[in-house]
Student: 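Structure below; questions to follow.
Here the structure is a predicted model, which is why all the values come from computation and not from measurement. The basis for the numbers below is simple: all heavy atoms, side chains too, and nothing from hydrogens, waters or symmetry mates.
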Amino acid sequence: MTPEPSAAEPPSDRTPPAVAVVDAQFPGNVGTIARAMKNFGFEDLLLVDPPELDPDGEAYGFAGHAREDVLPNATEISFDRLVAEYHTIGCTAVTNEDDRSHARFPFSTPADLAERLPTVEAPTALVFGRERVGLTNEELARIDEICSIPASAEYPVLNLGQAATITLYELRSLALDDDETQLPDVERVRAPEPTVDRLYDQWADLLGEINHPEEKRDKTMRMLRRVFGRADLTEREANTLLGILRRATERPAENRGRE
């Protein structure tokens, strides 16, 4: 674990935000949060009064590949230093208060933060509290703003690892560009209109070959155009369907030739 930096060396601006965990009781939860950070591109882990993180223990066991960098590079820091040197966002499941009581009000959702945090020109830290009680009212009063995850009113309380994972997922755009995720390119290239027109012509030919009632063909073709219009076919998809339809159209003619 990296020692706390000296007061003469304030942290530089960070994008994405750092992740701070206050007084976690169980090493496994610290490891789970480190793993979620690794999943979504976050690197700077700050620990306030952490449990012992044995390289052969739960924290490293739960951390996955984050045991190689995020977890061993974590910085231990005091709560005083945290609130003095970072723009802090306290993450809590239940706000319980309104505009007449200011310790926990107002609050943002993680989705709100994803849109707004890029405009904050200061080192930023997402702050998660203890497993059982989260952040105390005294701590929340010293934090700059509050984030709360929308959840069922019947049971809104999430455990520490869940809360961190959901929040970091929602904020992943602050840490990862689209080309840095494992998802393939999702941009679809629509098939050229001449190809799509040939597909409709082939459907019309098939309706004729199977003796689809002539009075129903126009209505059927309008339905097919709506269906394929919503599907936004790629060129490969359109050509595959063309081949199938062409073969289906040829079969009735082949059968007539055998008669």
Side-chain angles (χ1 to χ4, degrees), residues 15-16 35-42 91 93-95 106-119 147-159 161-259:
T15 300
R35 179 173 185 153
M37 291 173 64
K38 184 79 171 179
N39 287 146
F40 302 119
F42 295 82
C91 299
V94 185
T95 61
F107 62 90
S108 301
T109 66
D112 296 331
L113 290 176
E115 295 183 2
R116 191 169 47 74
L117 281 186
T119 67
C147 174
S148 186
I149 297 170
S152 168
E154 293 183 5
Y155 190 49
V157 179
L158 292 89
N159 69 37
Q162 286 178 315
T165 300
I166 291 169
T167 302
L168 296 175
Y169 166 76
E170 290 282 5
L171 298 179
R172 67 195 183 281
S173 61
L174 303 180
L176 294 172
D177 294 329
D178 289 342
D179 60 2
E180 294 179 293
T181 73
Q182 92 286 5
L183 294 177
D185 183 4
V186 295
E187 184 176 352
R188 293 175 60 87
V189 179
R190 181 179 167 83
E193 286 306 310
T195 303
V196 177
D197 288 340
R198 289 202 307 273
L199 179 64
Y200 295 141
D201 291 343
Q202 196 66 56
W203 267 110
D205 290 346
L206 178 62
L207 294 179
E209 282 294 335
I210 63 174
N211 294 319
H212 190 68
E214 190 167 351
E215 69 275 12
K216 295 183 178 180
R217 291 181 193 178
D218 286 346
K219 183 176 181 180
T220 300
M221 288 304 303
R222 287 196 298 272
M223 180 198 71
L224 289 169
R225 286 178 179 274
R226 289 198 301 270
V227 169
F228 287 117
R230 289 195 301 269
D232 199 20
L233 296 173
T234 66
E235 186 169 12
R236 181 176 182 180
E237 291 167 342
N239 283 327
T240 299
L241 289 172
L242 268 171
I244 295 170
L245 290 169
R246 191 176 295 117
R247 183 62 180 153
T249 304
E250 292 169 354
R251 291 298 294 276
E254 290 176 357
N255 291 335
R256 284 197 301 272
R258 297 191 187 101
E259 294 174 355

Student: Would a distance-only check, ignoring hydrogens and angles, find a side-chain to backbone donor-acceptor pair under 3.5 Å from Arg172 to Tyr169?
Tutor: yes
Student: Just verifying a value: how many Å separate Asp218 CG and Met221 CE, rounded to the nearest 0.5 Å?
Tutor: 9.0 Å
Student: Working to the nearest 0.5 Å, report the span between OG1 of Thr249 and CH2 of Trp203.
Tutor: 9.0 Å
Student: How many angstroms lie between atom SG of Cys147 and atom CD1 of Ile166, to the nearest 0.5 angstrom?
Tutor: 10.5 Å
Student: Is Tyr200 atom OH crowded by more than 12 heavy atoms from other residues, nucleotides or ligands, each under 6.0 Å away?
Tutor: yes
Student: Nearest 0.5 Å, please: how far is CD in Gln202 from CD in Glu209?
Tutor: 9.5 Å
Student: Can you name the nearest heavy-atom pair linking Pro16 to Leu174, along with the distance?
Tutor: CB-O, 3.4 Å
Student: Gly41 and Leu176: which non-hydrogen atoms are nearest, and at how many Å?
Tutor: CA-CD2, 3.9 Å
Student: Shortest non-hydrogen contact from Ile149 to Ala163?
Tutor: CD1-O, 3.6 Å
Student: For Ala191, give me all partners under side-chain contact (heavy atoms from CB on, under 4.5 Å), at least two apart in sequence or on another chain.
Tutor: Val196, Glu235, Ala238
Student: Could you give the distance from CG (Asp232) to CZ (Arg230), rounded to the nearest 0.5 Å?
Tutor: 12.0 Å
Student: As an exercise, state the distance from OG1 of Thr167 to CD of Gln162, rounded to the nearest 0.5 Å.
Tutor: 11.0 Å
Student: Are Glu214 and Arg217 within salt-bridge range, i.e. N to O under 4.0 Å?
Tutor: no
Student: Which residue pairs pass the salt bridge (Lys or Arg N to Asp or Glu O under 4.0 Å) test when at least one of the two sits in residues 192-203, sequence neighbours left out?
Tutor: Arg190-Glu193
Student: Testing the basics here: between Pro118 and Leu113, what is the closest heavy-atom pair and its distance to 0.1 Å?
Tutor: CD-O, 4.1 Å
Student: Do Asp112 and Thr109 come close enough that some side-chain heavy atom pair is under 4.5 Å?
Tutor: yes
Student: Taking C-beta and beyond as the side chain, do Leu199 and Leu224 meet within less than 4.5 Å on heavy atoms?
Tutor: no
Student: Of the non-hydrogen atoms in Phe228 and Leu233, which two are nearest, and what is the gap between them?
Tutor: CD2-CD1, 3.6 Å
Student: Is it the case that atom CD in Glu215 sees more than 12 heavy atoms from other parts of the structure closer than 6.0 Å?
Tutor: yes
Student: For Arg236, is there any backbone N or O sitting under 3.5 Å from a side-chain donor or acceptor partner on Asn239?
Tutor: no
